[in-house]
Protein chains: 2
Amino acid sequence: MSPTRKTAAPPSSPDLWEFLPLTEVAANGSLWIEHQGQRFFGPGPVQLLELIDETGSINQAAKKMDMSYKKAWGIVNNLNATALRPMVITATGGQKGGGSTISAEAKALIIYYRELRARFNQFLETETIRIRK
Amino acid sequence: MSPTRKTAAPPSSPDLWEFLPLTEVAANGSLWIEHQGQRFFGPGPVQLLELIDETGSINQAAKKMDMSYKKAWGIVNNLNATALRPMVITATGGQKGGGSTISAEAKALIIYYRELRARFNQFLETETIRIRK
DNA sequence: TACCGTTATATTTTAGAATATATAACGAAA
DNA sequence: TTTCGTTATATATTCTAAAATATAACGGTA
């Protein structure tokens, strides 16, 4: 059996939600990983890294996200500056002008984040069901 | 004994976090309540409602939050427009120029949100401990 | 009636973020 | 050596969200 969490939601008071259409109410949230209290890894970097992995280029990844190259580069730079080893390996020059790949650690972190988010979704679903009684 | 949650975090791969100083890494997030997919209630409204309750005035509450009255009024207006019954009862005129109070439902919602956030904090703590192994 | 501080609303101004634009450097291949 | 598309970086411009400012209305009280 899977381990369980200690935290549990007590029933909310019966009339708490009367003043809102219950089926339209849901708990939701955002989730990220911090380093030294600074946001380090979240949904934005996840998507960007995936697209870099897919396209082999920061440039093309940014375009697919409708994001300026500068902003994308900033995200990459922050990731690489924070991690002890670069998460995105960039190259300039060459017949294709260069390109970028993501490290194995970056791939593992993406998977980890996905699993973490899935557990968070489970949490949210439980809370939402409880709200709707 | 308190009820338990079904979701559980599997151990993360042993070398996933090697490339970051472990004690500096933490899971964190933001949490809110949606109505029809729109953010309805979160940390901002919570603090504002508390200060309105405390000061009896949207104006003074906004000042204590270093927030413009316009923005504070927008939050109040959104809350009142979404809920079937107003969460903030406003009055104009009178010897003190008017003022605002919050409904019992608003107070109950604040308490509910606090408890929800506490459970979320528990979730985050568990995940953070697991990251740090 | 005059006064008060608030709610309510519109308009103007400011500040910051995002984008757009420009340019240099890079290096493999033809 | 020239060509290519990319990385890397700086600067300029545009957009947008926030704040600042202004003003009317309100209604108890003196």
Side-chain angles (χ1 to χ4, degrees), chain A residues 30 32 38-83 85-103 105-107, chain B residues 30 32 38-83 85-103 105-107:
Chain A
S30 178
W32 61 85
Q38 303 272 38
R39 282 195 203 198
F40 164 67
F41 198 76
V46 165
Q47 192 183 354
L48 183 62
L49 287 179
E50 284 176 331
L51 288 171
I52 291 172
D53 188 39
E54 192 178 311
T55 63
S57 154
I58 296 174
N59 205 20
Q60 289 178 49
K63 277 174 185 159
K64 288 208 174 190
M65 285 181 76
D66 280 320
M67 175 189 286
S68 67
Y69 171 82
K70 184 177 182 176
K71 185 174 180 181
W73 183 87
I75 292 172
V76 165
N77 192 49
N78 181 58
L79 289 172
N80 281 353
T82 304
R85 289 186 291 275
M87 297 178 65
V88 177
I89 295 93
T90 64
T92 64
Q95 60 175 346
K96 291 181 179 174
S100 301
T101 58
I102 72 175
S103 71
E105 281 153 344
K107 289 179 185 175
Chain B
S30 178
W32 61 83
Q38 303 271 42
R39 282 195 203 197
F40 164 67
F41 199 76
V46 165
Q47 191 184 355
L48 183 61
L49 287 179
E50 285 176 329
L51 288 171
I52 291 172
D53 188 39
E54 193 178 310
T55 63
S57 155
I58 296 175
N59 205 20
Q60 289 178 50
K63 277 176 185 158
K64 287 208 174 189
M65 286 181 76
D66 280 319
M67 174 188 287
S68 68
Y69 171 81
K70 184 177 182 176
K71 185 173 179 184
W73 183 85
I75 291 172
V76 166
N77 192 49
N78 182 59
L79 290 172
N80 282 354
T82 305
R85 289 187 291 277
M87 297 178 66
V88 178
I89 295 91
T90 64
T92 64
Q95 59 176 345
K96 290 179 180 174
S100 299
T101 58
I102 72 175
S103 71
E105 282 153 347
K107 290 179 184 175

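Proteins come first, then strands; the chains are lettered A, B, ... in the order of their sequence lines, and each starts at number 1. None of these values were measured; they are calculated from a predicted model.
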Chi angles and distances behind the side chain to side chain contact (heavy atoms under 4.5 Å, CB included) call for B:Q38, B:N78: CA-CA 11 Å; B:Q38 303 271 42; B:N78 182 59; over 6 Å; no
B:V88 backbone acceptor or donor facing B:N80 side chain under 3.5 Å: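 Yes; judged by distance alone, with no hydrogens or angles, the pair exists.
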Whole-Å distance between [N] [atom2] and [X] [atom1]?
{"X": "B:N77", "N": "C:dT7", "atom1": "CG", "atom2": "P", "result": "13 Å"}
{"X": "A:K63", "N": "C:dA18", "atom1": "NZ", "atom2": "P", "result": "20 Å"}
{"X": "A:K71", "N": "C:dA17", "atom1": "NZ", "atom2": "P", "result": "11 Å"}
{"X": "B:D66", "N": "D:dA20", "atom1": "CG", "atom2": "P", "result": "9 Å"}
{"X": "A:Y69", "N": "D:dT6", "atom1": "OH", "atom2": "P", "result": "10 Å"}
{"X": "B:N59", "N": "D:dA25", "atom1": "CG", "atom2": "P", "result": "19 Å"}
{"X": "B:N80", "N": "C:dA8", "atom1": "CG", "atom2": "C1'", "result": "13 Å"}
{"X": "B:M65", "N": "D:dA18", "atom1": "CE", "atom2": "C1'", "result": "14 Å"}

B:S30 and A:W32, any side-chain heavy atoms less than 4.5 Å apart: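 In short, these two side chains touch, coming nearer than 4.5 Å.
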Does [N] have OP1 or OP2 sitting under 4.0 Å from an N or O in the side chain of [X]?
{"X": "B:W73", "N": "C:dA8", "result": "yes"}
{"X": "B:Q95", "N": "D:dA30", "result": "no"}
{"X": "B:S100", "N": "C:dT7", "result": "yes"}
{"X": "A:S57", "N": "D:dG5", "result": "no"}
{"X": "A:T90", "N": "D:dA8", "result": "yes"}

Most 5' of A:T92 and B:G97 on DNA chain D, judged by nearest nucleotide: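 Taking each residue's closest nucleotide, the earlier one in sequence belongs to A:T92.
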A:G99 vs B:G98, nearer the 5' end of DNA chain D by closest nucleotide: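 Its nucleotide being nearer the 5' end, the pick is A:G99.
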A:G94 or A:S68, whichever maps to the more 5' nucleotide of DNA chain C: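 Looking at the nearest nucleotide for each, A:S68 comes out on the 5' side.
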Least distance between heavy atoms, A:I102 atom then A:A106 atom: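 Heavy-atom minimum between the residues: CB-CB, 4.0 Å.
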Full working for side chain to side chain contact (heavy atoms under 4.5 Å, CB included) between B:L79 and B:L49: CA-CA 10 Å; B:L79 290 172; B:L49 287 179; 4.0 Å; yes
Sugar-phosphate, base or nothing in reach of A:K70, heavy atoms under 4.0 Å: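 Since a base atom lies under 4.0 Å of A:K70, the category is base.
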